[in-house]
Participant: 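Okay, here's the structure, questions in a sec.
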Protein chains: 2
Amino acid sequence: MGDVFKALADPTRRAILDELTDRDGQTLFEICARLAAKHGLGSSRQAISQHLDVLAAAGLLQARREGRYKFHHIDTTPLEPIVERWLRKGSK
Amino acid sequence: MGDVFKALADPTRRAILDELTDRDGQTLFEICARLAAKHGLGSSRQAISQHLDVLAAAGLLQARREGRYKFHHIDTTPLEPIVERWLRKGSK
DNA sequence: TTGACAGGCAAGCGTCCGCTTGCATAACGT
DNA sequence: ACGTTATGCAAGCGGACGCTTGCCTGTCAA
């Protein structure tokens, strides 16, 4: 559960989620190209790959293999309960 | 803005927010005692103090001086826009 | 005024994190 | 078959992070 917060702590990983929100199901190279173009991030391929592993371990990402391509999809399910945890004050 | 995510990345800081949600306006020593009792965390006073600094820098905390006491209050304002960022897909 | 209480400042240390580097694997085109 | 494309694995490095340690400031009670 705490993996979700650690995954969101890095700005590059948040940019990846932004990119996948704009266009879901991208491959690793597509993400690299669009991160460099849109967000001005000069991260290498291996760096992005490791970020994708972290996001997948947190349950925020789901990978789909197809031939030599691997498409990545967001899963926003773990995001919903993490904020309402502190927003409701009349719980006690 | 990214400070909010980095602040939430640490489990001790999340426990502090839990404690302040349950009982707002506690002092440093109160937080230390209740963290040790409820959450089983054996963190020292200085460690908690530094965590409070991080939370305050992220805008999640607001301090109020009164004599030799310093009461800490949550501010959940920065929490609201951070999740809807990825939840809405029909924004493009 | 003296002592205890609540908190602050800053240096040092060990660990984790993000990134690079180098090589390996697997699928496709020709 | 061969080279290219898309991705995987693992060791190593530098910096940031969380925590400790030690000392200092300010406030209240007796």
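Here is the naming used below: chain letters follow the sequence lines, and residue numbers restart at 1 for every chain.
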Participant: I want to confirm an ordering. Mapping B:Tyr69 and A:Glu66 to their closest nucleotides on DNA chain C, which one lands closer to the 5' end?
Facilitator: B:Tyr69

Participant: Rounded to whole angstroms, how far apart are CZ on B:Phe71 and C1' on D:dT27?
Facilitator: 13 Å

Participant: Using a cut-off of less than 4.0 Å, is there contact between a side-chain N or O of A:Ser44 and OP1 or OP2 of C:dT20?
Facilitator: yes

Participant: For C:dA27, does OP1 or OP2 lie under 4.0 Å from any side-chain N or O of A:Lys70?
Facilitator: no

Participant: Considering only side-chain heavy atoms of B:Arg65, which listed nucleotide, C:dG8, C:dT21, D:dC28, is closest?
Facilitator: C:dG8

Participant: Please test B:Lys38 against B:Asp22 for salt bridge (Lys or Arg N to Asp or Glu O under 4.0 Å), starting from the C-alpha separation and ending with a verdict.
Facilitator: CA-CA 11 Å; B:Lys38 291 191 173 184; B:Asp22 181 57; 3.0 Å; yes

Participant: Look at the side-chain N and O atoms of A:Thr27 and state whether any lies under 4.0 Å from the OP1 or OP2 oxygen of D:dT7.
Facilitator: yes

Participant: Nearest to the A:Ser43 side chain among C:dC19, C:dC28, D:dG18, which nucleotide is it?
Facilitator: C:dC19

Participant: Any side-chain N or O of A:Arg45 below 4.0 angstrom from OP1/OP2 of C:dC19?
Facilitator: no

Participant: A quick test of your reading: do over 12 heavy atoms of other residues, nucleotides or ligands sit less than 6.0 Å from CD of A:Gln62?
Facilitator: no

Participant: Which value, rounded to the nearest 0.5 Å, describes the distance between A:Thr21 atom OG1 and B:Arg85 atom CZ?
Facilitator: 8.5 Å

Participant: Counting heavy atoms from C-beta on, name the nucleotide in C:dC17, D:dT5, D:dT20 closest to the side chain of A:Lys6.
Facilitator: C:dC17

Participant: Which part of the nucleic acid does A:Phe29 contact within heavy-atom distance under 4.0 Å: base, sugar-phosphate only, or nothing?
Facilitator: base

Participant: Can you tell which of A:Asp3, A:Val54, A:Leu79, A:Ile16 makes a side chain to side chain contact (heavy atoms under 4.5 Å, CB included) with A:Leu60?
Facilitator: A:Leu79

Participant: If you pin B:Gln50 and B:Leu28 to their nearest nucleotides in DNA chain C, which one's is more 5'?
Facilitator: B:Leu28

Participant: For A:Leu52 and C:dC19, what is the distance between atoms CG and C1' respectively, to the nearest whole Å?
Facilitator: 15 Å

Participant: D:dC28, D:dC19, D:dG18: which one has an atom nearest the side-chain heavy atoms of B:Arg13?
Facilitator: D:dG18

Participant: Of the nucleotides C:dC5, D:dC9, D:dC19, which one has an atom closest to the side chain of A:Gln46?
Facilitator: D:dC9

